[in-house]
K.L.:
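One structure is given below, represented as structure tokens, and several questions about it will come after.
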Amino acid sequence: MTAPAPASRLVIVLPGRGDDLAAMRRSGMAEAIQSAWPDADVILTGLSYDYYMQGRAPQRLHDEIVAPARHKAYRQIWLAGASMGGMGTLMYDRAYPGEMSGLLLLAPYLGDTSLLKEIDTAGGVAQWQPGPVPAAVNADNFQRELWRHLQGWSREPGKAANVWLAYGDKDRLRNTMPLLGSVLPAANIRRRSGGHDWETWSAATRDVLAQARERNPVSP
């Protein structure tokens, strides 16, 4: 969706599992983004579950959307994702660290319960021992490697300075959010009324970007 004002930013939105492009257009995300940032073009993607399982999601996103967008000379490019798309946003940052101007995580899916329990039992992300680095990232280890990446944020907090987390107080994944929140600036976390749905996420996006605008002015 083209910005109503001259575009200086781009926001790329990754879907939740089961969302197609039609669902994304109905989500209200584009309107929410542009109500906060009238200078933002918005790309709603249809990155599917299969690409995550094949380990191809970050590269496909980079090659087909991010790299071409660089030729348009946007001053900022942000990546937002809900549920599975939130995990995809984190996976992209792991594969291409520092590529995005900011990340918006909307009730992201953070992995299997057994892995999250292992991290929590260890005393949290900073104390957790992820084990040896594998030769390759695949469907069997990508969740562990994602959390290894997030552990780096606990050691270098500046890397998470422009990462934002928002979720509803009735979201089915709400109990897993504090684990991620422990490696983010407290001021970047928004818990609001709502569930695991686009109505909640769109409203949260509008609020978060309105605040983020103050910290991320677009240079002339």
Side-chain angles (χ1 to χ4, degrees), residues 9-16 29 32-33 36-37 40 42-43 45 47 52 57-58 61-62 65-66 69 74-111 115-116 119 124-126 128 130 142-168 171 173-192 196 200-218:
R9 316 184 215 224
L10 172 67
V11 181
I12 302 163
V13 185
L14 303 187
M29 278 292 289
I33 291 165
W37 288 357
V42 179
I43 295 179
T45 72
L47 200 64
Y52 290 96
L61 176 61
H62 184 79
I65 297 179
V66 179
Y74 291 108
R75 294 187 180 93
Q76 296 180 10
I77 300 180
W78 285 59
L79 185 59
S83 195
M84 182 187 72
M87 171 172 271
T89 298
L90 293 170
M91 290 172 64
Y92 183 87
D93 188 71
R94 178 193 170 277
Y96 300 93
E99 182 77 13
M100 293 290 107
S101 305
L103 307 178
L104 175 54
L105 310 171
L106 302 165
Y109 171 68
L110 296 173
L115 175 59
L116 300 181
I119 297 170
V125 184
W128 173 61
F142 79 92
Q143 294 180 12
R144 183 172 293 271
E145 293 313 297
L146 180 60
W147 276 101
R148 189 194 302 273
H149 173 65
L150 298 182
Q151 188 177 62
W153 292 357
S154 69
R155 296 168 179 165
E156 298 182 70
K159 291 183 176 180
N162 225 15
V163 180
W164 300 74
L165 171 65
Y167 60 99
D171 193 293
L173 299 180
R174 63 187 181 279
N175 292 334
T176 66
M177 296 300 108
L179 201 60
L180 173 60
S182 69
V183 299
L184 301 180
N188 290 17
I189 302 170
R190 292 288 176 276
R191 176 177 168 131
R192 59 174 296 125
H196 197 76
T200 302
W201 299 330
S202 296
T205 294
R206 184 173 54 250
D207 295 345
V208 165
L209 295 187
Q211 180 178 352
R213 181 177 56 214
E214 305 304 317
R215 289 198 217 163
N216 296 272
V218 175

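What you see is a predicted model; the values in this text were computed from it and never measured.
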K.L.:
Looking at side-chain heavy atoms only, is the closest gap between D93 and W153 below 4.5 Å?
P.N.:
yes

K.L.:
Would you say W201's side chain and A82's backbone share a donor-acceptor pair under 3.5 angstrom?
P.N.:
no

K.L.:
Just wondering, do L110 and M177 contact through their side chains at under 4.5 Å, heavy atoms?
P.N.:
yes

K.L.:
Just by modelled atom types, is the Y109 backbone N or O under 3.5 Å from a matching donor or acceptor in the S83 side chain?
P.N.:
no

K.L.:
Hey, which of T45, V66, T89 is the one that makes side-chain contact (heavy atoms from CB on, under 4.5 Å) with L79?
P.N.:
T89

K.L.:
Indicate the atoms forming the closest heavy-atom contact of I77 with A69, along with that distance.
P.N.:
CD1-CB, 4.0 Å

K.L.:
Below 4.5 Å, heavy atoms only, C-beta onward: do L150 and W128 meet side chain to side chain?
P.N.:
no

K.L.:
Do V11 and L104 come within less than 4.5 Å of each other through their side chains, counting heavy atoms only?
P.N.:
no

K.L.:
Tell me if a side-chain donor or acceptor on W164 pairs with a main-chain N or O of T205 at a distance below 3.5 Å.
P.N.:
no

K.L.:
For a quick test of reading the model, state the closest non-hydrogen atom pair linking Q151 to A126 and the distance between them.
P.N.:
NE2-O, 3.7 Å

K.L.:
Nearest 0.5 angstrom please: R213 CZ to Q76 CD, how far?
P.N.:
12.0 Å

K.L.:
Could you state the interatomic distance from CZ (R206) to CG (L209), rounded to the nearest 0.5 Å?
P.N.:
10.0 Å

K.L.:
Closest heavy-atom contact between R174 and D171?
P.N.:
NH1-O, 2.8 Å

K.L.:
Heavy-atom distance under 4.5 Å between the side chains of L173 and H196, does that happen here?
P.N.:
yes

K.L.:
Can you tell me if R9 uses its side chain to pair, donor with acceptor, with the backbone of W78 under 3.5 Å?
P.N.:
no

K.L.:
To the nearest 0.5 angstrom, please state how far the CZ atom of R144 sits from the CD1 atom of I119.
P.N.:
7.5 Å

K.L.:
If you round to the nearest 0.5 Å, how far is OH of Y74 from CG of L10?
P.N.:
5.0 Å

K.L.:
Let me confirm one number: the CE-CD distance from M91 to E145, rounded to the nearest 0.5 Å.
P.N.:
11.5 Å

K.L.:
What I'd like to find out is whether the side chain of F142 reaches to under 4.5 Å of the side chain of R94, using heavy atoms alone.
P.N.:
no

K.L.:
A side-chain contact here means heavy atoms from C-beta on lying under 4.5 Å apart; do P130 and W147 qualify?
P.N.:
no

K.L.:
Do you know the tightest heavy-atom contact between N188 and A160?
P.N.:
ND2-O, 4.0 Å

K.L.:
Mind checking the CD1-CG spacing from I43 to L14? Nearest 0.5 Å is all I need.
P.N.:
11.0 Å

K.L.:
For residues R215 and A161, report the shortest heavy-atom separation together with the two atoms involved.
P.N.:
NH1-O, 3.6 Å

K.L.:
Does any part of the side chain of L180, heavy atoms only, come nearer than 4.5 Å to the side chain of L165, both counted from C-beta?
P.N.:
yes

K.L.:
If you look at every heavy atom in L116 and G111, which pair is closest and at what distance?
P.N.:
CD1-O, 3.7 Å

